[in-house]
Amino acid sequence: QVQVVESGGGLVQTGGSLRLSCAASGRTFSSYHMGWFRQAPGKEREFVVSRSGGNIVYTYYADSVKGRFTISRDNAKNTVYLQMNSLQPEDTAVYYCAASSTMNIYVYRGKYNRMSSYDYWGQGTQVTVSS
C-alpha cells in the first residue's frame with residue numbers, strides 16, 4: 001500500500017506563490033507516475049499536472065496552469081513538488097496528489113489526466129488565493 005501525503009497549502013494573495021509537496025511511500029517511488037489534481041468548491045476534480053516515473057520523463061500541464069505551475073520530483077526523498085506562481089483566485093481549490101504504481105508508460109501517455117489512472121491519493125491540501 002502506497003501512502004500519499006500532501007503539504008504546503010495555505011492562503012496567498014493574488015500574484016503570489018506557493019509550493020506544495022507530496023511525499024509517497026514505497027521503495028520504487030522513482031517508477032511512480034505522479035499527478036496533481038484540484039477541486040474547487042462546487043466543481044468536479046480536475047487535472048493540473050503530471051510527471052512520469054522511470055527513465056524517460058514526460059510532463060503534462062493543464063492549459064490553465066501552463067507557464068505558472070511547475071512540477072518536479074526528488075526521488076531520493078520520495079517527494080514530488082508543485083511550484084505555483086502568479087496565483088489567481090480561480091486557482092483556489094483543494095489540491096490532491098496522486099500516484100500510479102502500475103501503469104506502463106505507453107498507457108500513461110494517453111491517460112495521464114484521468115483520475116482513474118492513479119491508484120493512490122492523498123487527503124488534499126487547501127490553497128486559497130485572495131483577491
Side-chain angles (χ1 to χ4, degrees):
Q1 185 76 8
V2 175
Q3 292 185 325
V4 178
V5 180
E6 307 96 336
S7 61
L11 174 64
V12 64
Q13 292 185 333
T14 297
S17 298
L18 279 176
R19 189 177 80 156
L20 305 183
S21 299
C22 171
S25 63
R27 292 181 292 176
T28 58
F29 173 81
S30 62
S31 68
Y32 300 167
H33 308 308
M34 300 297 296
W36 287 95
F37 291 73
R38 67 186 181 185
Q39 187 166 17
K43 294 187 177 181
E44 293 186 351
R45 195 172 299 188
E46 64 175 6
F47 168 77
V48 177
V49 61
S50 182
R51 180 165 172 150
S52 63
N55 296 326
I56 302 175
V57 177
Y58 296 98
T59 305
Y60 302 97
Y61 293 91
D63 287 343
S64 59
V65 305
K66 278 181 183 177
R68 300 188 299 123
F69 290 11
T70 303
I71 188 171
S72 61
R73 63 191 297 162
D74 185 339
N75 290 331
K77 296 183 178 180
N78 277 28
T79 300
V80 65
Y81 303 98
L82 181 61
Q83 178 67 43
M84 305 185 296
N85 299 328
S86 301
L87 283 162
Q88 302 297 314
E90 52 266 35
D91 295 316
T92 295
V94 177
Y95 284 71
Y96 296 90
C97 180
S100 170
S101 62
T102 58
M103 187 166 47
N104 73 54
I105 193 66
Y106 304 104
V107 175
Y108 167 79
R109 292 190 67 189
K111 298 183 178 181
Y112 59 86
N113 58 346
R114 302 185 187 183
M115 291 178 53
S116 59
S117 295
Y118 297 86
D119 309 301
Y120 306 100
W121 291 80
Q123 293 300 306
T125 185
Q126 176 71 46
V127 171
T128 303
V129 184
S130 63
S131 57

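FYI, side chains are in, hydrogens and waters are out, and symmetry mates aren't considered; it's all heavy atoms of this structure.
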message: Please check this pair: side chain of H33 against backbone of Y108, looking for a donor-acceptor N/O pair closer than 3.5 Å.
response: no
Margin query: Quick one, R38 and V65 - any side-chain contact, counting heavy atoms below 4.5 Å?
Written below: yes
Next item on the list: Kindly work out whether a path of hydrophobic side-chain contacts (I/L/V/M/F/W/Y, heavy atoms less than 4.5 Å apart) joins I105 to Y112.
Entry: yes
When you measure from the side chain of Q3 to the backbone of Q1, do you find a donor-acceptor pair of N or O atoms at a distance under 3.5 Å? no
So CD of E6 and OH of Y95: to nearest 0.5 Å the spacing works out to 12.5 Å
Inset, instruction - Treating Ile, Leu, Val, Met, Phe, Trp and Tyr as nodes and any side-chain heavy-atom pair under 4.5 angstrom as an edge, say whether L82 and F47 lie in one connected cluster. - result: no
The reported gap from CE in M34 to OG in S72 (rounded to nearest 0.5 angstrom) is 11.5 Å
A99 and V4 have their tightest heavy-atom pair at CB-CG2, 4.2 Å
*Using the rule that two of Ile, Leu, Val, Met, Phe, Trp, Tyr join whenever any of their side-chain heavy atoms come within less than 4.5 Å, decide whether F69 and Y96 are in one cluster.*
no
d(N55 CG, S31 OG) to nearest 0.5 Å is 10.0 Å
Taken to the nearest 0.5 Å, the spacing of T102 OG1 from Y118 OH works out to 11.5 Å
key: Worked check of side chain to side chain contact (heavy atoms under 4.5 Å, CB included) between D119 and V2   = CA-CA 9 Å; D119 309 301; V2 175; over 6 Å; no
Distance col, row C97:SG vs F37:CZ, nearest 0.5 angstrom, shows 10.0 Å
- Query: Is a side-chain N or O of S30 found less than 3.5 angstrom from the main chain of G54, in a donor-acceptor match?
  - Reply: no
The salt bridge (charged side-chain N to carboxylate O under 4.0 Å, His left out) partners of R68 (sequence neighbours excluded) come to D91
* To do: Could you label the plane-to-plane angle of the Y58 and Y60 rings as parallel, tilted or perpendicular, counting under 30° as parallel and over 60° as perpendicular?
  => parallel
Rounded to the nearest 0.5 angstrom, the OG1-CD distance for T14 and E90 is 8.0 Å
Note to self: Using the rule that Ile, Leu, Val, Met, Phe, Trp and Tyr join whenever any side-chain heavy atoms are under 4.5 Å apart, tell me whether Y32 and L20 fall into a single cluster.
What the structure shows: yes
Side chain to side chain contact (heavy atoms under 4.5 Å, CB included) between V127 and V129: does it pass, once the steps are laid out? CA-CA 7 Å; V127 171; V129 184; 4.3 Å; yes
Go through the steps for L11 and S130 under the test side chain to side chain contact (heavy atoms under 4.5 Å, CB included), then give the verdict. CA-CA 7 Å; L11 174 64; S130 63; 4.2 Å; yes
For this session: Could you tell me whether the side chain of Y61 and the main chain of G67 form a donor-acceptor pair under 3.5 Å?
Result: no
In short, side chain to side chain donor-acceptor pair (under 3.5 Å) pairs touching residues 75-85 with sequence neighbours left out are S17-N85, R73-N75, Q83-N85
Open item on the list: Are Y120 and W36 linked, directly or through intermediate hydrophobic residues, by side-chain heavy-atom contacts shorter than 4.5 Å (ILVMFWY only)?
Closed with: yes
* Is there side-chain contact between S117 and S100, with heavy atoms separated by less than 4.5 Å? -> no
* Asked: CD of Q13: more than 12 outside heavy atoms within 6.0 angstrom?
  -> no
